[in-house]
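This report refers to the structure that appears directly beneath it.
Throughout, numbering of the chain's residues begins at 1 and tracks the sequence.
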Amino acid sequence: MRKRKRGMLLIVLVLIIGMAIGVIVGREFLEIPVLDLNAVEQAFQKNKDYQYFYNQLNEIEQKTYQRIYYVLSQHQEEVTLEEKDIEKVKDIFTKVIYDDGELYYVNSQFQYQENKQTIQFLPLYDYSLDEVKKMNQDIEKKTEVFLNEAKKETSQLQKARLAYNYIVENVVYEDGVDNNQNMVSALANGKSVCAGYARGYQYLLNQLGIENAYIVGTAKETRSQTLNGDGHAWVMIHLSGDYYYCDPTWGDAVHENSEHACLGYFMMSSEDMLKCYQPEVPYEKTQQYQINVFKDEKCYMEKYDESVLSYAVNRGLKNKSRVAEIKCINDNVYQKVKRNLESSYLGYQVLSQNKCWNENATYSYNDELRMIELYY
């Protein structure tokens, strides 16, 4: 039995979106064994995820990151850090959690003891190792068929889209469910909130080898949403040398009896993303916007052209969503489409021409994304 070493207990509270913060006191510390640096490096190298926030750190900070990641990934009780600034440790700990959604079992607070040259880092866990293994098995079982099929795709963009659709189609937005701040709620239980949606999507992207990062911030008060200041989470994707943004939560569009994966929140540019959200973490600007899914689907109106809307209606009939989605290149085109929907019966005309008009047909529009949807 190792001797106990008495010391003052300190608690760090690290705010991560949606996670409750508490205080725990009264623990004494064990002497920390010599750390196997080879084991730390091997464990870190096995993690093939993008680790966007890790790459924001300098070399010394990265060593601290690796040690924290090691102890968390191994579900161990303690590790010695050579970093002497506890504020830096808090920041690095948060970055580890942002980078790796599979550490969902780690509590948002940790304990530590300061010595002259080191900090003893003592994580707290919400679940035992056996519980974690059981939940991981549940997730793997639920997602196995999807991932096996998605991995057959040769296009990374198509893989990302299939994963986006999978989250939208298999998760129901519901407040107050267990584990709603992590991927377990979305992937194992099928009910979650924005954090669970984003973490579930992050997990699937990682399994498919697509570089991504978990982004948190707040929803802006927009003309299309009334969520000003609400905490929110979404995902940044690094694909084809550029950065795009996906929000499967807002993409889980429900309009009366119509549910579909809204294309508008898949592969947004940083410009469009910033119209909807205010990130509270680092993020990247979209440089060239070469991936335009509306353009790929021939649902991108570069000049006023009613045939684009007609094509989108036919697309909605073929995929059985009965939803037509279009995006406009600029505000002039968008406002003309919107005006004609409101005053010139454009929706009725296009739906009638395609023989799918019904008395329940309606439309909605999103001013921020210059996007219009017809439901029929």
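Of the charged side-chain nitrogens involved, at least one lies within less than 4.0 Å of a carboxylate oxygen, so that E297 and R161 count as a salt-bridged pair.
Between T218 and E280 the shortest side-chain heavy-atom distance falls below 4.5 Å. In this structure the side chain of F93 reaches within 4.5 angstrom of the side chain of L72, judged on heavy atoms. Residues I139 and V184 have side chains in contact (heavy-atom distance under 4.5 Å, counting atoms from C-beta outward). Side chains of L122 and F110 form no contact here, defined as non-hydrogen atoms less than 4.5 Å apart. Residues P279 and M273 are in side-chain contact: their nearest non-hydrogen atoms beyond the backbone lie under 4.5 Å apart. A 4.5 Å side-chain heavy-atom check between M267 and I237 finds at least one atom pair inside the cut-off. Counting heavy atoms from C-beta on, the side chains of H232 and T249 come closer than 4.5 Å.
Residues that satisfy the salt bridge (charged side-chain N to carboxylate O under 4.0 Å, His left out) test with K134, not counting sequence neighbours, are D138. Residues meeting the side chain to side chain donor-acceptor pair (under 3.5 Å) test with Q290, sequence neighbours left out: Q288. Among residues two or more places apart in sequence or in another chain, the salt bridge (charged side-chain N to carboxylate O under 4.0 Å, His left out) test is passed with E82 by R67. Applying the salt bridge (charged side-chain N to carboxylate O under 4.0 Å, His left out) test to D272 and every residue at least two apart in sequence or in another chain returns K275, K327. Scored by the ring-ring contact (aromatic ring centres under 6.0 Å, His included) test, Y243 finds H238 as partners (sequence neighbours excluded). Residues meeting the salt bridge (charged side-chain N to carboxylate O under 4.0 Å, His left out) test with E87, sequence neighbours left out: K90. Applying the side chain to side chain donor-acceptor pair (under 3.5 Å) criterion to Q158, with sequence neighbours excluded, gives no partner residue.
Among pairs with a residue in residues 180-194, those fulfilling salt bridge (charged side-chain N to carboxylate O under 4.0 Å, His left out) read E174-K191, at least two apart in sequence or across chains. The ring-ring contact (aromatic ring centres under 6.0 Å, His included) pairs that include a residue from residues 293-332 number zero, where partners must be two or more places apart or lie in different chains. Within the structure, ring-ring contact (aromatic ring centres under 6.0 Å, His included) pairs that include any residue of residues 156-197 comprise F146-Y166, Y164-F266 (at least two apart or interchain). Under the salt bridge (charged side-chain N to carboxylate O under 4.0 Å, His left out) criterion, the residue pairs touching residues 141-154 are E149-K152, with sequence neighbours excluded. For residues 347-358, the pairs satisfying side chain to side chain donor-acceptor pair (under 3.5 Å) are S310-N354, N314-N354, with sequence neighbours left out.
Just one residue in the list L81, I86, I92 forms a side-chain contact (heavy atoms from CB on, under 4.5 Å) with F121, and that residue is L81.
Under the 3.5 Å distance criterion, with hydrogens and angles disregarded, a donor-acceptor pair is assigned to the side chains of S307 and D305. Y50 and N55 share no donor-acceptor pair across their side chains, judged by distance under 3.5 Å alone.
Both tests do not hold together for R322 against Y375: distance to the six-membered ring centre under 6.0 Å, angle to the ring axis within 45°.
Listed for the H75 side chain is a donor-acceptor partner under 3.5 Å among the backbone atoms of Y127.
By the 30° and 60° cut-offs, the orientation of the rings of Y283 relative to Y245 is perpendicular.
Atom CD of E102 sits about 6.5 Å away from atom CG of N206, to the nearest 0.5 Å.
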